[in-house]
Amino acid sequence: MHRASQPEFSKYVDHLGEEGMFARSQHLKHREYPHLSLLVDELNRQNPQLSERLKGQLERLRTGEAQVVITGQQTGILGGPLYAVYKLLTCLKVARETEELLDIPVLPVFWLATEDHDFDEINHLIVPTHDFRTRKLTVSPPDSIQRSVSRIPFDQHAVREVVRQALCTEGETPYTKELLALTDRLIETNTTYGGFFAAFLGELVNHDIIFFDADAKAVRQIEIPFFERLIQDNPEIRQALSKGIAQTSDLPDTFLNEEAAHLFVEDIGRELLYPGQDFVTKQGKTYTELELLALLYASPERFSNSVVTRPLMQDYLFPTLAYIGGPGEIAYWTRLRPLFHHFDWTMPLLIPRMGAILLQARDEKRLRRHQLTIDQALRDGIPLTPFDAGDVKQHLHASSLLSEVLMEEIKQVEQKRLKTSVITTKLTKQLQQTFETIVEQERRLHEQANRSDRALQYQLAPDHAPQERIHSVLPWLNRYGLDLLQTLRVQYEQTEAEQLKILV
């Protein structure tokens, strides 16, 4: 639990470390969750292949004996960037450790951000170009309307095509057919991007984590009482947010819209509400508080949370011990502390997700050849000698001068004897093309010699971005098989390091 125990962080949160985990657990035991039985029914419906161990633990959530550790992410194709996988693995680890610490059932929950309407966040895989730059393979949206991802039809054909194109950049391995068979089966049997995300990652960890899709009708029914509070207490919630932002001004900035009401309503698309005399959307549609409450009870599925209110809804729904987040998430969560206090709650523990650098054996050999450590390579990049066309042309300088003298002699003879310059012009062009061909051949030879280094740079830090933000898990599964996540899980369980260097 040491990752959540930094003393300098204590002024921004309510609970830290093991002592904080005990205190948070006691706080949760004094809160009421009258909807737990309905919530467990929905979790069972959403997770039909859940491991037998977790099925039993879920029943203890129904009775209020169990508590949860939660993480979450947008539902990118095939799990999205690698850091989403690392969040999941950290959640599994922290849930197990916390269960041993508290001696109660602790369930790992992955909150699927399906109410998010930014389709561009999830609709792609990134693969290398022939010269190891990043290239996006994308699924086009059905139209320009901003809908929650859960409301966008799952384009099975397009997703299947993206998977195949991505694997074409990899080449066939002993694991390719099995991987294709899995993705084809899951594409065929799912109708939403959230469902496909959960089914895919669930398979890779033997369905040992609970996926939760909040944008489901049954969940919205459960959420009605808290949406009502969010509407009625909106001025106080906005005031609490401003207070939280002011109290954390010395932390890295994260933009949280202080002008918004922090609720979305579905109309033609998903519209953010703004406060005023009434609630209003950017399209100019207005709702009085009574109209909004009437709509909530009539059609709760039309409501969803913003980045500010989702953590509150999470705490309303689940007895949440801790949230596993990335650096940016944890920074904005700290701003929400006064909002939790408005409801007489404390905040869950904020635990940074663990990270990893995946390194192939051949990459390790290339690093040794350059006499680089992996930390040096990540900090400074792989040294790539640029192609110097000027140097090649300098070597051709003498030949170029001789060719000019020769062409001048031929030109004089041609003009004197034949009264033309056609032959000279043709020969001059051919000589120029010869010089250009030599330069281009040198360029190709240089690129071939540096190709392995460019490949190494792409593997470690594509376009100088962190590996975990660009790579998906797909190419790594293609190289090392469908057991890869279970292998990573074992390594996560055996370390307390925040950043693992994993040789696969």
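Between F318 and F212, the ring center distance clears the sub-6.0 Å criterion. The six-membered or imidazole ring of F197 lies away from that of W111, with a centre-to-centre distance of 6.0 Å or more. Outside the 6.0 Å centre-distance limit, the rings of F303 and F264 are not counted as a close aromatic pair. Aromatic pair Y193/F119: centroids less than 6.0 angstrom apart. In summary, the aromatic rings of H471 and Y458 are positioned with their centroids under 6.0 Å apart.
Pairs of residues two or more places apart, or lying in two chains, that qualify as salt bridge (charged side-chain N to carboxylate O under 4.0 Å, His left out) and include a residue from residues 164-180 are R164-D184, E170-R479.
Here OG of S306 is found 10.5 Å from CE of M313. Values are rounded to the nearest 0.5 Å. To the nearest 0.5 Å, atoms CZ (R469) and CD1 (I126) are separated by 11.5 Å. Rounded to the nearest 0.5 angstrom, Y332 OH and L256 CG are separated by 8.0 Å. Rounded to the nearest 0.5 Å, atoms CZ (R369) and CG (D453) are 5.0 Å apart. Atoms OG and NZ, on S452 and K365 in that order, are 13.0 Å from each other to the nearest 0.5 Å.
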* Would Y316 and W345 satisfy side chain to side chain contact (heavy atoms under 4.5 Å, CB included), going step by step from the backbone distance to the final call? -> CA-CA 10 Å; Y316 167 76; W345 301 340; 3.9 Å; yes
* When you look at K55 and E59, which way does the salt bridge (charged side-chain N to carboxylate O under 4.0 Å, His left out) test go after all the steps? -> CA-CA 7 Å; K55 282 181 183 177; E59 289 308 307; over 6 Å; no
* To do: Please step through salt bridge (charged side-chain N to carboxylate O under 4.0 Å, His left out) for the pair E115 and R147, ending with a clear verdict.
  => CA-CA 8 Å; E115 49 195 19; R147 295 184 177 88; over 6 Å; no
* Test side-chain hydrogen bond (donor to acceptor under 3.5 Å, both in side chains) on D215 and T114 and set out the steps. => CA-CA 6 Å; D215 203 25; T114 53; 5.0 Å; no
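Taking the six-membered ring where tryptophan is involved, the planes of W333 and Y323 are essentially parallel, since the angle between them stays under 30° and well short of 60°.
Contact check on R24 versus D14 returns no salt bridge, with no Lys/Arg side-chain nitrogen under 4.0 Å from an Asp/Glu carboxylate oxygen. Under the 4.0 Å criterion applied to side-chain N and carboxylate O atoms, R353 and E468 are assigned as salt-bridge partners.
Looking only at distances, no side-chain donor or acceptor of D463 sits under 3.5 Å from a matching main-chain atom of A465. Although no hydrogens or angles enter the test, the distance criterion places a donor-acceptor pair under 3.5 Å between the side chain of Q467 and the main chain of L358. Between the side chain of S25 and the backbone N or O of M21, no donor-acceptor pair lies under 3.5 Å. A donor-acceptor pair is defined here as one N or O able to donate and one able to accept, closer than 3.5 Å; such a pair exists between the side chain of T248 and the backbone of G244.
For the pair R454 and F132, the cation-pi test (distance below 6.0 Å, angle within 45°) is failed.
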Which atom pairs, one a donor and one an acceptor, fall under 3.5 Å between side chains of residues 69-85 and the rest of the protein, sequence neighbours left out?
from : atom 1 : to   : atom 2 : distance (Å)
T71  : OG1    : I324 : O      : 2.8
Q73  : OE1    : K87  : NZ     : 2.7
Q74  : NE2    : D116 : OD2    : 3.2

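Looking at residues two or more places apart in sequence or on another chain, you find a side chain to side chain contact (heavy atoms under 4.5 Å, CB included) between E161 and Q165.
Within a 6.0 Å radius of CG in D380, other residues, nucleotides and ligands contribute more than 12 heavy atoms.
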